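Scroll down for the structure; my scribbles are underneath it.
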Amino acid sequence: MRSLCQRVLWVLLVWATLAPAPSLAQFGDPIRLYGYFQGIFRYSNETGRGVLNQDLEYASFALQQLNLMMAKDFSPSFSAFINLELTNTFSTQDGWGDFRVEEAWLQYRHSPGLRIHVGLQIPEFNNLNTIKNRTPLLPYIARPIAYESSFDDFAGASDFVPQNTYIRVSGTQPVGPLRLDYSVHVGNQEDFVEPEGSNTFPSGTDNSLAKMFGGRVGIRYQSLKLGFSTTSDSYTEDDNFIGIIDRYRFGVDLSFTVRRFLFESEWIHIQAVMSEAQRAQFDRNALENMLIGSSLDKRFIYATLGYYLTDQWFVYGLFSQLDDYDSALTEDGIEFYSAGITYRPIDQVSLKAQYLVAGLDAGSLLTYDGSYFFAGVSVLF
């Protein structure tokens, strides 16, 4: 009941914030209100044998995502931005989906070479992370697996990219025909005290002195974009009872266009550093449990090749693979193959269709095959 009341209060706060308030315009420019949503149809046909022994087939409609955004310029140097996100046909009455403040930050812009963001924000990591939820900008309905929240329970996708940060310094510096990009950020670790935990800490509080640090450096030349990203933090490995683990993410992104062809690719490696005692405990656990893999490391790669048939029609093929060495079920990799088409009748509307197949072969432990068809509409307003 308390959770329901909190969500209702949040909804009332949102609508109160969006209500007309002409007096706010006296402080610089008026507040700009805009947003987007994506509604989808999904058909799934899945077969699992081994530890997951089931056949599943279903079809469903959903409002995959709705974002309401507010932006305000206080001066040429200062501006603020708020992004409210509702996912999976959000309904407090039915207990569906999720509602959260995705971003809320203040920007100080000294020059193109120096921008400072303070507040809740999405960190720059590789190319896709900062726009992964901007559905009108993406041709996908089902995004590359490390960025797709609907597969999170199955693949632990949220481990692969940092979800939020609180201070970011970034900028772009021209060097001849090149553009050099940089971004550094610091935020909480992603291993918070749960709401039902100790009352000493407010919900969502990182109760450690350690914080997450990260950044990205990149080069742009015409349509070519190349970047290198990293983060450093730690987390508690509860599943194997070995305590706090230092974690390092490394990423590389590459994208370019040639004539009407578009190519995008990313590589992510997660290295979990264990002490000798922790490694010994992990190995003992693996001897007792055949489902434990060879390490706590993870790896992900995806590549998209697309072609603009016209300015309105775009087709693409997508391959991605996720290797999670923590589990014997996934350390040989989960492979995803996808093809899709996007039609944009007007600038504000995208009609999308996508077919995806997924496969996993862990021998006698588990074999999995899934096929999915998606159709959707993405609207910017």
Side-chain angles (χ1 to χ4, degrees), residues 36-38 40 42 62 64-67 83 85-88 97-98 100 102-103 120-165 183 185 187 190 212 214 216 218 225 227-231 233 247 249-255 262-270 298-306 314 316-324 330 333-340 342 350 352 354-358 360 370 372 374 376 378:
Y36 54 87
F37 65 85
Q38 183 160 287
I40 67 169
R42 169 176 172 169
Q64 185 183 25
Q65 191 173 313
L66 167 65
N67 289 69
N83 179 7
E85 183 173 280
L86 301 89
T87 59
N88 297 329
D98 184 47
R100 63 179 177 175
E102 178 78 359
E103 299 171 84
L120 179 63
Q121 56 201 282
I122 301 172
E124 292 190 37
F125 184 89
N126 280 359
N127 184 48
L128 193 57
N129 196 41
T130 52
I131 62 169
K132 62 188 176 185
N133 291 336
R134 306 293 199 258
T135 56
L137 302 179
L138 303 177
Y140 319 111
I141 297 176
R143 294 157 286 195
I145 184 64
Y147 296 96
E148 182 50 64
S149 58
S150 64
F151 287 95
D152 189 53
D153 290 339
F154 175 66
S158 62
D159 293 337
F160 283 80
V161 290
Q163 300 301 306
N164 52 64
T165 192
S183 176
H185 58 83
E190 296 172 8
M212 181 182 71
R216 178 184 180 275
K225 188 175 183 181
F228 302 89
S229 304
T230 186
T231 68
D233 70 345
R247 172 173 57 187
R249 295 184 180 97
F250 303 96
V252 179
D253 63 271
L254 172 67
S255 61
L262 168 70
F263 177 80
E264 293 183 350
S265 182
E266 291 189 11
W267 171 86
I268 299 172
H269 177 75
I270 299 178
K298 305 176 189 290
R299 188 183 66 178
F300 168 76
I301 187 171
Y302 91 86
T304 297
L305 180 62
F314 178 73
Y316 64 90
L318 166 66
F319 167 78
S320 61
Q321 179 171 326
L322 183 151
D323 304 305
D324 188 348
T330 55
I334 311 171
E335 295 183 344
F336 299 83
Y337 298 88
S338 184
T342 299
S350 296
K352 306 177 182 181
Q354 183 177 359
Y355 181 71
L356 182 150
V357 294
L360 183 155
Y372 311 86
F374 303 88
S378 188

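As the structure is a prediction and not an experimental result, all values here were calculated from the model. All values below were derived from every heavy atom in this structure, side-chain atoms included, with hydrogens, water molecules and symmetry-related copies excluded.
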Positive for side-chain contact (heavy atoms from CB on, under 4.5 Å) with I141, one of E148, R42, K352: K352
Under 3.5 Å side-chain donor-acceptor pair for T342 and S350: no
Distance-only donor-acceptor check, side chains N133 and R143, under 3.5 Å: yes
Between CG on residue N127 and OG on residue S255, distance to nearest 0.5 Å: 4.5 Å
Main-chain N/O of Q163 paired with E190 side-chain donor or acceptor, under 3.5 Å: yes
Parallel, tilted or perpendicular: ring planes of W267 versus H269, cut at 30 and 60 degrees: parallel
D323 CG to Q321 CD distance, which is reported to the nearest 0.5 Å: 4.5 Å
K225 bridged to E266 by N-O distance under 4.0 Å: no
Heavy-atom side-chain contact between P144 and L318 under 4.5 Å: yes
Inter-residue atom distance L138.CG - L128.CG, 0.5 Å rounding: 6.0 Å
Step-by-step side chain to side chain contact (heavy atoms under 4.5 Å, CB included) determination, I268 to F250: CA-CA 6 Å; I268 299 172; F250 303 96; over 6 Å; no
Residues H185, T231; criterion side chain to side chain contact (heavy atoms under 4.5 Å, CB included); working and verdict: CA-CA 9 Å; H185 58 83; T231 68; 4.2 Å; yes
T230 side-chain N/O to R249 backbone N/O, donor-acceptor pair under 3.5 Å: yes
Nearest-0.5 Å distance, CZ of residue F160 to CG of residue D324: 5.5 Å
Nearest-0.5 Å distance, CD of residue Q64 to CG of residue L86: 13.0 Å
Full working for side chain to side chain contact (heavy atoms under 4.5 Å, CB included) between E264 and Y302: CA-CA 8 Å; E264 293 183 350; Y302 91 86; 3.7 Å; yes
pair I270-R299: side-chain heavy atoms closer than 4.5 Å: no
Heavy-atom closest contact (F125 atom, Y147 atom, distance): O-OH, 4.2 Å
Side chain to side chain contact (heavy atoms under 4.5 Å, CB included) assessment of L360 paired with T330: CA-CA 7 Å; L360 183 155; T330 55; 3.9 Å; yes
S320 vs F300 side-chain heavy atoms within contact, under 4.5 Å: yes
Closest non-hydrogen atom pair, V252 against N126: N-OD1, 3.3 Å
Contact summary for N129 and P123, nearest pair of heavy atoms: ND2-O, 2.9 Å
V161 to A146 - nearest heavy-atom pair and separation: CG2-O, 3.9 Å
Approximate separation, where rounding is to 0.5 Å, of Y372 OH and L356 CG: 7.0 Å
Check: S338/Y140 side-chain N/O donor and acceptor closer than 3.5 Å: no
Side chains of N83 and E102, donor plus acceptor under 3.5 Å: no
Heavy-atom closest pair, residues Y36 and Q65: CE1-NE2, 3.7 Å
Minimum-distance pair of heavy atoms, taken over all atoms of Y316 and P139: OH-O, 3.7 Å
D98 side chain to N88 side chain, donor-acceptor N/O pair below 3.5 angstrom: no
